[in-house]
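Following: one structure in structure tokens, then a few remarks.
Just so we're on the same page: letters track the sequence lines, and every chain starts at 1.
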Amino acid sequence: MKALLDWLDHRTGGKKLLHEALFENVPGGARWRYVWGSTLTFCFSLQVITGLFLWLAYSPGSQTAWESVYFIQHEMWGGWFLRGLHHFTAHAMTVLLVLHLMQVVIDGAYKAPREMNFWSGLVLLLLVLALSLTGYLLPWDQKGFWATRVATSIAAITPVIGPALQKLVVGGSEYGHHTLTRFFALHAGVIPGAIIACIVAHIYLFRRHGLTPKEPRKNPDAAFWPDQVFRDAVACLAVLVVILFFIVRYHGADLGAPADPAEQFPAARPEWYFLFLFQLLKYFPGGTEIIGAMIIPTLLMLVLAAMPFVGRWQLGHRFNVGFLWVLLGGIGWLTYLAVNEDRQRPEYLLAVQTADRDAARVIVLAQSPTGIPATGAVTLLRQDAWTQGPKIFGQICSTCHRFDGHNGSGGQPKDPISASDLKGFASREWLAGLLDPERIAGPHYFGGTKFKEGKMVKFVQEEVTGFSAPQKADLQKAIVALSAEAALTAQRHLDQRDAVIIAEGRKLLGGEALGCVECHKFHGAGEDATGPDLTGFGSREWLIALISDPAEERFFGKRNDRMPAFGAAKMRTALEISLVADWLRGDWYEPTRAKGGAP
Amino acid sequence: MDSSPLPPQPDRRNFLTKASAVVIGAALALVAPVAGLMVFLDPLRRQTAAGGAVLVASLDSLAENGEPQKFSVLATRIDAWNTTPNVPVGAVYLQRLTGRQVRAFNVVCPHAGCFVDFREANNCFHCPCHNSSFSLDGKVLDPKSPSPRGLDDLLVEVRNGTEIWVHFKNFRAGEKARIPV
């Protein structure tokens, strides 16, 4: 063993190097305030290792980035932990960079001959922030996508080269595959390479000039090993414990719904340590953004970079320390304002809620037996009735209709209800309400429509009111049978159980006794009917056809009230209409028995 | 480096400090590689989906004289995060035997995984990579063939009189025994 070590040493000089590394002089002995540089080196090495392993599973591309990150997070062994480690170490690095900067400025370690050292540190600060900025996009989720759109739009206001710069960064005029390949190359190649070069320079210069002791020195000089190494190790451990706490607390890093350029995302915010810049931009009216986005940050960086010169004057050091405190205080204040403003804005809170809901839903869909198609997980949400139904309902239906009293997503439209409430449409309860003399002309059914004065209301209020007990029983059966026409998922078991009643009810519906076929067609009966055809009432096909064109003969014909022909008039696509129909019918994927997951 | 004052010599009494520094340092160094290796090793714990029978062709499409014909096997392909139904996951040679009997070989050469060709002239299967050759019944033809075993035959069912269903599987290459992957 010793022979081997000697052989190696003879050829590499490793022993001397190790000796130099370990027995570096620490003037005034080991102190806790010297640990920040080491914690940063530790964090950076964590990032390099976790980053390389993430690289083994990540695929940059607008149909694969989110999907591969989903796979890491939810399917791969310990993937959530690896992502969490990479994510929260990035946060830790930002905090530690600030602490390191504060220690350097307060201790006056930026003064001559350590200017280069200080400047290389500032460059490192900017490079690490650039890592955060590029890394934020890589999962290609809604929040990263929309936040990055803002960031690259800011790049576009750079004078002269702005538009070209933006196009180069984005890899074209649209965000897509090349945005990801570029950001990924920057994030995993160019910037880390630059950081390593700067760290080498930074540590070389640090060794060249030695540590800046905090005066007064409490103890005699000592070697780096073991006391300072021990303190550094404990500090790194403390950092790691904090990171681990956050990983476990949040079960790794957050992953939003996949990026959808067509889906507005008002919950987009940059990472918390960029919030101050985000807030600052709000104060600059159109045309002057450049002041907040570039001029002020650049000036502040220049003041920081000038510290070694300012520090030469008598009061220079005090000015530097004061400036740093004011700067950090200002950043803190702006961050607080940004957070506080969001917290008091209901639209923002609702947007966050929707974002969380979509993020959770897409995981359920990705783990369904159908899995993620080659077109990407964004397709899953776009074609999911549970996700899209309420949105479409809110946009096109809720101006007149309601869903359980709201617009589908819990909000209140500005106009009062003027058509039926469609919660549970075609269910037994819904039909029982329609055929209730007390309720049919109420706001939840025909109260707000011109059918309030129509034949159906008259029939229910005049005829049904006078029904005898056996007739009422027949009506019950007819309701059960009519509801069975819809074949609602939620009533599947009831419909199976009541097969006999349904058969009777169908006869009653088609017969003369109840009088339905006087106005309605039903499986061939009611030839002269002019009201809506009840054959397949509430079924998927029936509902889609109704929404597409309610003025069709089969439905309301000429008597149609105000409902537009969403399909026939090309107001909405066939997909959108089928999604809202599926949603109203309660028809969407539920992972009840089909437990998804790895094959 | 430049001349600095002689560094003080290490203090041998600080055993506890040194030991803790080393232990903590080792623990710190382990976390990221262990987390990464778990993800890296993930493929080892994944099982290939057990392939059920797949409808490959109809009996009428096979030559009566028993000449092998190549067909794609369409099935649901699961590629990490993507699930794609009805795409080619492999190919088979089908031969019609006497009556309604059908023989199926996986087209993959058991030597190193190339696809074998059927050579009409020699009435045999031939691998274009390393010249293994196989007779129509799948046995190694030329003893100098590098393939360690004959072509891999697959279980075939003829359903409803004409539908040829194949239990498609791949086997490990380069081994004497047939081991499904």
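- Residue A/Asp232: no heavy atom, backbone or side chain, is found under 4.5 Å from chain B.
- Minimum heavy-atom separation, B/Val39 to A/Leu82: CG2-CD2, 3.7 Å.
- Residue-environment remark: CH2 (A/Trp36) stays at or below the threshold of 12 foreign heavy atoms within 6.0 Å.
- Along residues 106-119 of chain B, no residue comes nearer than 4.5 angstrom to chain A, judged on non-hydrogen atoms.
- Only the side chain of A/Phe42 comes within contact range of chain B, with heavy atoms under 4.5 Å apart.
- Top candidate by heavy-atom pairs under 4.5 Å with chain B, chosen from A/Pro220, A/Gly210, A/Pro373, A/Ala57, is A/Pro373.
- Taking CD1 of B/Ile24 as the reference point, atom CG of A/Leu240 lies at 11.0 Å (rounded to 0.5 Å).
- Between chain B and the options A/Thr50, A/Val229, A/Asp227, A/Val48, the largest number of non-hydrogen pairs under 4.5 Å is found for A/Asp227.
- A/Trp77 approaches B/Asp42 most closely through the heavy-atom pair N-OD1, 2.8 Å.
- Closest of all the heavy-atom pairs between B/Val22 and A/Trp225 is CG2-CH2, 3.8 Å.
- In this structure, CG on B/Asn82 lies 10.0 Å from CZ on A/Phe71, to the nearest 0.5 angstrom.
- The candidate from B/Ala27, B/Pro85, B/Ala21 with the greatest count of non-hydrogen atom pairs under 4.5 Å with chain A is B/Ala21.
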Carefully, step by step, assess A/Met76 and B/Arg45 under the rule side chain to side chain contact (heavy atoms under 4.5 Å, CB included). CA-CA 10 Å; A/Met76 294 181 89; B/Arg45 74 184 181 111; 5.5 Å; no
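- Heavy atoms of other residues, nucleotides or ligands lying less than 6.0 angstrom from CD of B/Gln101 number 12 at most.
- The distance from atom CD of A/Glu67 to atom CG of B/Asp79, rounded to the nearest 0.5 Å, is 12.0 Å.
- Within 6.0 Å of the CZ atom in A/Phe206, the count of heavy atoms belonging to other residues, nucleotides or ligands exceeds 12.
- Both the backbone and the side chain of A/Leu237 come within less than 4.5 Å of a heavy atom of chain B.
- For residues 28-38 of chain B, heavy-atom neighbours of chain A at less than 4.5 Å comprise B/Leu28, B/Val31, B/Ala32, B/Pro33, B/Ala35, B/Gly36, B/Leu37, B/Met38, sorted by residue number.
- In terms of heavy-atom pairs under 4.5 angstrom with chain B, the leader among A/Ala374, A/Cys236, A/Ser68, A/Ala377 is A/Ser68.
- Applying the 6.0 Å contact sphere to CZ of B/Arg159 captures more than 12 heavy atoms from other residues, nucleotides or ligands.
- Neither the backbone nor the side chain of A/Ser45 has a heavy atom closer than 4.5 Å to any heavy atom of chain B.
- If you measure heavy-atom distances from A/Phe230 to chain B, the contacts under 4.5 Å come from both the backbone and the side chain.
- Here NE2 of A/His74 is found 14.5 Å from CH2 of B/Trp81. Values are rounded to the nearest 0.5 Å.
- More than 12 heavy atoms of other residues, nucleotides or ligands sit less than 6.0 Å from atom CZ of B/Phe171.
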